Amino acid sequence: MAMPDFKVEGNIVSFWLRVKPRASRERLTVDASGELRLELHAPPTEGQANEACIQFLARALRLPQSCVEIVSGHKARRKLLRLSGRSAEDTVAQIGKAVTSDE
């Protein structure tokens, strides 16, 4: 399985994430191309999926919501996220643990 491409600057980790709103279950996966995908129950209206995206990642990575930021792609399915609040190494490790494998 290809791993996502994380950009690390100090303790800040940035990465692209493809969000699938109105999914039957909420989970974080990695697709065949190595891109992170987040499936959410929330609809893509009035920023609900963006809000759910931040809540999901904050909960899954045990970070305060203020440490999870959507940098670009607020109106797109592909979003650039920036995470802070702990060492980049720990953040990347936590993302790895949060990913649900499709096997």
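What you see below is based on every heavy atom in this structure, not just the backbone, and it leaves out hydrogens, waters and symmetry mates. Treat the numbers as computed from the prediction; the structure is a model and nothing was measured. Count residues from 1 along the sequence.
Residue Q65 qualifies as enclosed at atom CD: its count of foreign heavy atoms under 6.0 Å is above 12. In the displayed structure, R62 atom CZ is contacted under 6.0 Å by at most 12 heavy atoms of other residues, nucleotides or ligands.
Placement of V99 and L83 within a single hydrophobic cluster is found when ILVMFWY residues are connected by side-chain heavy-atom separations under 4.5 Å, directly or transitively. L61 and I12 fall into different hydrophobic clusters, where Ile, Leu, Val, Met, Phe, Trp and Tyr side chains are chained together by heavy-atom contacts under 4.5 Å.
To the nearest 0.5 Å, atom OG1 of residue T45 and atom CG of residue N50 are 10.5 Å apart. Atom CZ of R59 sits about 6.5 Å away from atom CD of E26, to the nearest 0.5 Å. Here L63 contributes atom CG and L57 contributes atom CG; the two are 9.0 Å apart, rounded to the nearest 0.5 Å. Summarising the geometry, atom SG belonging to C67 is positioned 11.5 Å from atom CD1 belonging to I54; distances are rounded to the nearest 0.5 Å.
Side-chain atoms of S84 and N11, non-hydrogen and from C-beta on, never get closer than 4.5 Å to each other. L28 is listed as a side-chain neighbour of L17, based on a closest heavy-atom distance under 4.5 Å.
Nearest approach of H41 to R25, heavy atoms of both residues: CE1-CA, 3.4 Å. Between L81 and V71 the shortest heavy-atom distance is C-CG2, 4.3 Å.
K79 contributes a side-chain N or O that, together with a main-chain N or O of G73, makes up a donor-acceptor pair within less than 3.5 Å.
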**OP:** Let me see the working for F6 and L36 under side-chain contact (heavy atoms from CB on, under 4.5 Å), right down to the final yes or no.
**Re:** CA-CA 10 Å; F6 297 110; L36 281 164; 4.1 Å; yes

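The salt bridge (Lys or Arg N to Asp or Glu O under 4.0 Å) test with E39 is passed by exactly one of R22, R27, R77: R27.
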